[in-house]
Amino acid sequence: MRIRYIIAIIAAILPLIIIAQDEKPNRISLNGGIKIGFHAATYNSTIFNIDSYEYNDRIIQSNKIGYAVAPFIRVNRNRLYLQTEAMLSISRHYFEFIDNSTEEAFASEATENTPQYKLTTYCIQVPLLFGYKFVDSSPYCMSFFTGPKAKFLLTAHDKQEFAHFKYNEMYEELTPTLYYWEFGLDISISNICFDFVYDIGINNHTKGIIAPVEGKQFYSKRSDNILSFSIGIIF
């Protein structure tokens, strides 16, 4: 799986390097701006093992809309640019667990007593993006960008809620720093920009589930991909 990520990263960066070698030297310019947007996450290979029972095949995930605001700085040279930002975001996740240990249960749907897990996280996301403007004719600009991103969790435990499980005081220990590779498309009209972004999660989102029960097995594992849209102003 990670080999495919590396191949995709090389394929994305290599054209930028070739283009940069062909560009004539030009002065460097600096832009700043701010953008706001929303996003939704989809988890990969989600595993929840609670009391030795794996809910992997019957986890219903609801994509809750999250929100973000980010100041950013962009360094330009010809058609190439380097951009970083400090994005403060709120992400919301909701899982329902249906017991498929019997054929009847497998056919059942979620009810109000179905085990549920609600998670809200506040985090700061810091990407380092390499962009290329393949359309650059004022006042219109269109560019492709890609690069690594780190997401630092600020709070989590106080925003978790496990409901309708037979064990109380369960909580999930989350990984404090998550890593992504970001791909995006930027469309600018004058000083207004629109960003369409897709982030591929690289590392595990969680360290596991902790509960005050001796002799019981609790385990969770997943990574997430994030699709987001934002609108901003470039100064």
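For the atom pair S228 OG and Q125 CD, the distance stands at 8.0 Å (nearest 0.5 Å). Interatomic distance, L119 CG to S91 OG, rounded to the nearest 0.5 Å: 8.5 Å. The line from OG1 of T121 to CD1 of I90 is 9.0 Å long, rounded to the nearest 0.5 Å. Taken from OH in Y180 to CG in N203, the straight-line distance is 7.5 Å, to the nearest 0.5 Å. Taking CD1 of I73 as the reference point, atom CG of L30 lies at 6.5 Å (rounded to 0.5 Å). Between the CD atom of Q160 and the CG atom of L174 there is a distance of 5.5 Å, given to the nearest 0.5 Å.
Hydrophobic clustering of Ile, Leu, Val, Met, Phe, Trp and Tyr side chains at less than 4.5 Å, counting indirect connections, keeps Y67 apart from I226. Residues W181 and L227 share a hydrophobic cluster, clusters being chains of Ile/Leu/Val/Met/Phe/Trp/Tyr side chains in contact below 4.5 Å. Residues V126 and Y122 share a single hydrophobic cluster, defined by chaining ILVMFWY side chains whose heavy atoms lie under 4.5 Å apart. The cluster map of Ile, Leu, Val, Met, Phe, Trp and Tyr, joined by side-chain heavy atoms under 4.5 Å apart, puts I189 and F235 in different clusters. In the hydrophobic cluster analysis, where Ile, Leu, Val, Met, Phe, Trp and Tyr join through side-chain heavy atoms closer than 4.5 angstrom, F145 is grouped apart from L128.
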Would you sort out whether N76 and K133 count as a side-chain hydrogen bond (donor to acceptor under 3.5 Å, both in side chains), showing the intermediate values?
CA-CA 10 Å; N76 306 276; K133 303 173 185 177; 3.2 Å; yes
Full working for side-chain hydrogen bond (donor to acceptor under 3.5 Å, both in side chains) between Y179 and K149
CA-CA 6 Å; Y179 300 100; K149 172 189 284 188; over 6 Å; no
Could you go through the side-chain contact (heavy atoms from CB on, under 4.5 Å) check for K151 and M87 one step at a time?
CA-CA 9 Å; K151 183 164 75 171; M87 177 178 290; over 6 Å; no
Test salt bridge (charged side-chain N to carboxylate O under 4.0 Å, His left out) on E85 and R74 and set out the steps.
CA-CA 9 Å; E85 56 196 51; R74 179 181 295 181; over 6 Å; no
Residue pair F218, N49: steps toward the side-chain contact (heavy atoms from CB on, under 4.5 Å) verdict:
CA-CA 5 Å; F218 298 87; N49 187 317; over 6 Å; no
Worked check of side-chain contact (heavy atoms from CB on, under 4.5 Å) between D195 and L185
CA-CA 6 Å; D195 283 359; L185 178 69; over 6 Å; no
Mind running side-chain contact (heavy atoms from CB on, under 4.5 Å) on I36 and I231 for me, showing each step along the way?
CA-CA 6 Å; I36 59 174; I231 181 172; 4.2 Å; yes
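Other residues, nucleotides and ligands contribute at most 12 non-hydrogen atoms within 6.0 Å of the OH atom of Y140. Taking a 6.0 Å sphere around CD1 of I34, one finds it holds more than 12 heavy atoms contributed by other residues, nucleotides or ligands.
Heavy atoms only, all atoms of each residue included: L129 and G147 are closest at CD2-N, 4.0 Å. Between F48 and I209, the closest heavy-atom pair is CD2-CD1, 3.7 Å. Annotation for G184 and F144: closest pair O-CD1, 3.4 Å, computed over non-hydrogen atoms. Minimum interatomic distance between I234 and S188 (heavy atoms only, all atoms of both residues): CD1-OG, 4.1 Å. Residues N204 and T206 come closest through the heavy atom pair ND2-O, 2.7 Å. Of all heavy-atom pairs spanning I65 and F38, the tightest one is CG2-CB, 3.7 Å.
Counting heavy atoms from C-beta outward, Q116 and H164 have side chains that approach closer than 4.5 Å. Y132 is not listed as a side-chain neighbour of Y81, based on a closest heavy-atom distance of 4.5 Å or more. Within the 4.5 Å cutoff, the side chain of L153 has no heavy atoms near those of the T175 side chain. Residues D224 and T42 form no side-chain contact, since every pair of their non-hydrogen atoms from C-beta on lies 4.5 Å or further apart.
In summary, of the residues considered (L80, I28, T84), a side-chain contact (heavy atoms from CB on, under 4.5 Å) with V75 occurs for I28 alone. Screening E172, K207, H205, E173 for a side-chain hydrogen bond (donor to acceptor under 3.5 Å, both in side chains) with S220, the sole residue that qualifies is E172.
Judged by distance alone, the side chains of Y198 and E182 never bring a donor and an acceptor atom under 3.5 Å apart. Using modelled atom types, one finds no donor on one side chain facing an acceptor on the other under 3.5 Å when comparing D199 with N225.
Here the two rings, on F95 and Y43, have centers that are under 6.0 Å apart. Under the 6.0 Å cut-off for aromatic ring centres, F165 and F97 qualify, their centroids lying closer than that. Ring to ring, F229 and H39 are not that close: their centroids are 6.0 angstrom or more apart.
Aromatic ring pairs are classed by plane angle as parallel below 30°, tilted from 30° to 60° and perpendicular above 60°; the pair Y117 and F162 is parallel.
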